[in-house]
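The structure appears right after this line, and notes come after that.
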Amino acid sequence: MTDLKIIFNRLAIAYGPLHWWPAETPFEVAIGAILTQNTNWKNVEMAIANLRGEIALTPEALAELPREKLEQLIYPSGFFRQKAERLQLLVEHLQNRHGNRLENLLSQSLDDARRELLQLKGIGPETADSILLYAGELPSFVVDAYTNRLFGRLGVLQGNESYEQVRALFMTQLPTDPVLFNEYHALIVQHCKCFCRKRPVCAECCLNQDCRYAQGSLDSI
DNA sequence: GGCCAGGACACCA
DNA sequence: TGGTGTCATGGC
């Protein structure tokens with residue numbers, strides 16, 4: 001069993017199952033993925049609640065919103081001008097290429113869908129992978145700041161790896177399973193909210209000072 | 001009042 | 001190719 005599988009098992013026992021992403025439709029996942037860029041999820045929830053209140057959580061409805069109105073609705077998520085543009089560019093793309101259905105974009109092969117998402121302004125690798133995995137249920141591992149922080153501390157990562165290198169590490173060492181990738185990323189985020197941010201070592205977490213992972217070396221495994 | 005949060009992009013050397 | 005500045009709100 002690889003280190004990554006062992007770490008997953010420990011996290012899963014401690015926190016799982018988490019069943020991400022907190023959204024009602026694939027399109028809502030994509031909206032959340034853009035809105036959460038460098039932003040606390042609580043702020044995103046406020047913005048999504050505003051969109052829901054305007055019945056604007058479909059590509060058609062979002063396309064009808066004037067830019068200023070959209071900026072006003074997503075204001076709590078921060079970077080509201082950038083994000084309004086990014087949302088409208090995504091909606092325009094779905095309208096022009098996929099009959100207003102994100103599901104059509106996601107029905108392609110993983111590589112084709114990922115390439116297409118990455119060509120859109122404002123959708124980088126993490127946002128694309130979040131959409132692929134959580135909206136499309138495609139086996140694309142999501143790497144985020146928490147992933148780098150946690151696995152850097154564990155000694156799995158050196159800290160100078162590129163996004164694609166980290167993603168490839170997880171995708172080659174783990175079974176190609178979207179359910180596993182989904183849960184793993186959710187567990188990393190859940191764990192880091194306790195272990196990595198609030199305090200250096202969380203007494204009740206599964207990777208505390210008594211755990212070999214917290215020592216920064218996995219050599220003994 | 002400062003720091004951080006489930007990034008991406010433009011610009012520059 | 002890699003580093004830096006910019007975008008911006010809300011919670012702690």
Side-chain angles (χ1 to χ4, degrees), chain A residues 7-8 11 15-24 26-51 67-93 114-136 138 140-153 157-167 170 178 180-200 202 205:
Chain A
I7 294 169
F8 171 80
L11 293 172
Y15 306 105
L18 297 176
H19 301 304
W20 267 22
W21 181 289
E24 294 182 6
F27 183 68
E28 192 178 320
V29 172
I31 298 300
I34 290 173
L35 293 181
T36 199
Q37 290 170 354
N38 202 32
T39 300
N40 188 300
W41 180 254
K42 287 291 181 186
N43 293 10
V44 177
E45 286 181 327
M46 287 186 269
I48 289 179
N50 290 343
L51 291 170
R67 172 69 67 88
E68 287 187 5
K69 178 67 175 178
L70 178 56
E71 290 180 353
Q72 177 190 337
L73 293 171
I74 67 171
Y75 181 81
S77 72
F79 304 103
F80 57 90
R81 295 188 185 91
Q82 281 187 355
K83 290 176 181 176
E85 179 190 16
R86 292 172 183 183
L87 291 177
Q88 290 193 326
L89 287 172
L90 171 63
V91 164
E92 283 175 22
H93 184 77
R114 189 171 196 263
R115 195 174 303 112
E116 188 171 329
L117 285 171
L118 289 174
Q119 286 175 348
L120 294 175
K121 183 182 178 184
I123 296 186
E126 180 183 339
T127 305
D129 289 329
S130 294
I131 294 171
L132 293 165
L133 179 61
Y134 291 106
L138 297 169
S140 195
F141 199 89
V142 179
V143 177
D144 61 12
Y146 285 144
T147 311
N148 290 315
R149 192 181 308 172
L150 176 59
F151 288 87
R153 290 186 179 189
L157 300 176
Q158 303 306 310
N160 58 352
E161 296 89 348
S162 69
Y163 181 97
E164 298 299 335
Q165 287 174 321
V166 177
R167 176 174 179 265
F170 280 83
L180 171 65
F181 290 178
N182 176 324
E183 192 65 14
Y184 209 152
H185 175 237
L187 286 167
I188 291 167
V189 174
Q190 182 69 26
H191 178 71
C192 283
K193 284 181 175 175
C194 166
F195 177 69
C196 295
R197 192 178 67 203
K198 292 184 177 176
R199 38 195 177 274
C202 176
C205 88

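Every chain is numbered from 1 and lettered A, B, ... according to where its sequence line falls, protein lines coming before strand lines.
Phosphate contact (OP1/OP2 of C:dA8, side-chain N/O of A:Arg81, threshold under 4.0 Å): present. For B:dA8, one of the phosphate oxygens OP1 or OP2 lies less than 4.0 angstrom from a side-chain nitrogen or oxygen of A:Thr127.
Whole-Å rounding puts the A:Asn160 CG to C:dG2 P distance at 10 Å. Rounded to whole Å, atom P of C:dT1 lies 18 Å from atom CD of A:Glu161. B:dA10 atom P lies 15 Å from atom CZ of A:Phe79, rounded to whole Å. Separating the CZ atom of A:Arg86 from the C1' atom of C:dC7 is a distance of 8 Å, rounded to the nearest angstrom. Atom NZ of A:Lys83 and atom P of B:dA5 are 14 Å apart (whole Å). Per the geometry, CG belonging to A:Leu89 stands 11 Å off P belonging to B:dC9, to the nearest Å. One atom, CG of A:Leu73, and another, P of C:dT9, lie 15 Å apart when rounded to the nearest Å. Across the protein-nucleic acid pair, A:Asn43 atom CG and C:dT9 atom C1' stand 6 Å apart, rounded to whole Å.
Along DNA chain B, the nucleotide nearest to A:Leu118 and the one nearest to A:Lys42 differ in position, and the one closer to the 5' end is contacted by A:Lys42. In terms of position along DNA chain C, the nucleotide closest to A:Gln82 lies nearer the 5' end than the nucleotide closest to the other residue of the pair A:Gln82 and A:Met46.
With both ends at atom P, the span from B:dA10 to C:dA8 equals 14 Å, rounded to whole Å.
A:Arg86 approaches A:Ile34 most closely through the heavy-atom pair CB-CG2, 4.0 Å. The nearest pair of heavy atoms linking A:Ser77 to A:Lys83 is O-NZ, 3.0 Å.
In the set B:dG7, B:dA8, C:dT9, C:dT9 carries the atom at the smallest distance from any side-chain atom of A:Tyr75. For A:Arg149, the side-chain atoms get nearest to B:dA5 when compared with the rest of B:dA5, B:dA8, C:dG10.
A:Tyr75 and A:Asn50 form no side-chain donor-acceptor contact under 3.5 Å, judged by distance and modelled atom types alone.
A:Phe80 comes within contact range of the sugar-phosphate backbone alone, with a heavy-atom separation under 4.0 Å but no base atom that close. Across all strands, A:Ile74 comes closer than 4.0 Å to no nucleic acid atom at all (heavy-atom distances). Residue contacts for A:Lys121: at a heavy-atom cut-off of 4.0 Å it reaches the sugar-phosphate backbone alone, with no base atom in range. Contact annotation for A:Ser77: no contact, since no heavy-atom pair falls under 4.0 Å across all strands. Within 4.0 Å of A:Ile123, counting heavy atoms only, lie sugar-phosphate atoms of the nucleic acid but no base atom.
Using a cutoff of 4.0 Å between basic side-chain nitrogens and carboxylate oxygens, A:Glu92 and A:Lys121 are not scored as salt-bridged. Comment: A:Glu85 does not engage A:Arg67 in a salt bridge, judged by the lack of any side-chain N to carboxylate O separation of less than 4.0 angstrom.
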